[in-house]
Amino acid sequence: MRPLIAGNWKMNNLRSEAATLVAGLMEQRAEQDPGCDMLVCPPFVSIRPVGDLIENSPIALGGQDCHSETAGAHTGDVSATMLADAGCEFVIVGHSERRANHHENDELIASKAKAAISNGLTVVVCVGETLEQRNAEKTLSIVENQVTNAVPDNATAKNTVVAYEPVWAIGTGLTPTIEQIAEVHDHICGLLTASFTDGEEFRLLYGGSMNPGNAREILAVENVNGGLVGGASLKVEDFWAICTSV
Ligand code: 13P
């Protein structure tokens, strides 16, 4: 399975910064196939400018969230239909920052994922435990609950990617041990295999403080099929180094 390395830019990069970043990535990608699929997810306002820049490159474009409905009175929201219309192939849903800051629950996330899939997008569904939950040894049950409830029934290995992002590892410089990552990824793979005919083929990404120093070891773990990268996706050298670590 070809790994996917996705850059979640979050609320970063003005247009000029975004242009410099993608120009650098495209230059590297033109010289070498890193052996993985590459995805960048800019903030909504930068989707079209970035899309124009990467139009004829193998780098894919994604959104960071979408609404579950196609259109309507939802001030400030963007639909999956609009993302597809703007040239996106992917959309992230259920990121822990949206779960925490926008009170999103698994039911809502599943409806967003469903809308994304219906619009021909590949959805990246994020799951992961808090530190408190890990310390209480609830990691596997929390992740199991999230996967069971947030991955919609129309998911297939082609239209859905699951990203395991321990909340306490995001932006902190902390990462789980290799054994902990393997344990959760094996568990997710087992759950998907039990629920979907092609469950074994879903790409499972790890996210949370992935950087050029730890990417190789994490990406070598069985059932880790790529990464969802935040901070390190904002620098050409770092993101490219992670891509070439697969
Ligand atoms: P960091 O790589 O900055 O820890 O962020 C991970 C993340 O949240 C990607 O979605």
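In what follows, residues are counted from 1 in the order of the sequence shown. All ligand and atom numbering here is 1-based and tracks the order in the structure.
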Ala169 touching ligand 1 at heavy-atom level, < 4.0 angstrom: yes
NZ/NE/NH1/NH2 to OD/OE distance under 4.0 Å, Lys138 and Glu129: no
Test item, Gly207 contacting ligand 1 (heavy atom, 4.0 angstrom): no
For Phe196, all residues meeting ring pair (Phe, Tyr, Trp, His ring centres under 6.0 Å), sequence neighbours excluded: Phe202
Close side-chain approach of Val123 to Val161, heavy-atom, < 4.5 Å: no
Side chain proximity check, Asn8 to His95, heavy atoms < 4.5 angstrom: yes
Glu97, any N or O under 3.5 Å of ligand 1 N or O: no
Summary of salt bridge (charged side-chain N to carboxylate O under 4.0 Å, His left out) pairs that have at least one residue in residues 189-217, sequence neighbours excluded: Asp37-Arg203
Ile170 contact mode with ligand 1 (heavy-atom cut-off under 4.0 Å): both
Beyond-backbone contact of Leu140 with Glu183, side-chain heavy atoms, under 4.5 angstrom: yes
Ile92, Val91, Thr160, Val162 screened by side-chain contact (heavy atoms from CB on, under 4.5 Å) with Val124, the one that passes: Ile92
Proximal ligand 1 atoms for Gly208, defined as those under 4.0 Å from one of its heavy atoms: 4 (O), 6 (C)
Heteroatom proximity flag, Gly171 to ligand 1, N/O under 3.5 Å: yes
Protein residue, atom and distance nearest to atom 2 (O) of ligand 1, heavy-atom basis: Gly230 N, 2.9 Å
Within-shell test, Ser209 vs ligand 1, heavy atom, strictly < 4.0 Å: yes
Protein residue, atom and distance nearest to atom 5 (O) of ligand 1, heavy-atom basis: Lys10 NZ, 3.3 Å
For atom 9 (C) of ligand 1, the protein heavy atom that lies nearest, with its residue and separation: Glu165 OE2, 2.8 Å
Nearest-neighbour protein heavy atom for atom 3 (O) of ligand 1, which is reported as residue plus atom name and distance: Gly231 N, 2.8 Å
Cluster check Ile242, Leu4: I/L/V/M/F/W/Y, side chain < 4.5 angstrom: no
Interfacing atoms of ligand 1 (cut-off 4.0 Å, heavy-atom, His95): 7 (C), 8 (O), 9 (C), 10 (O)
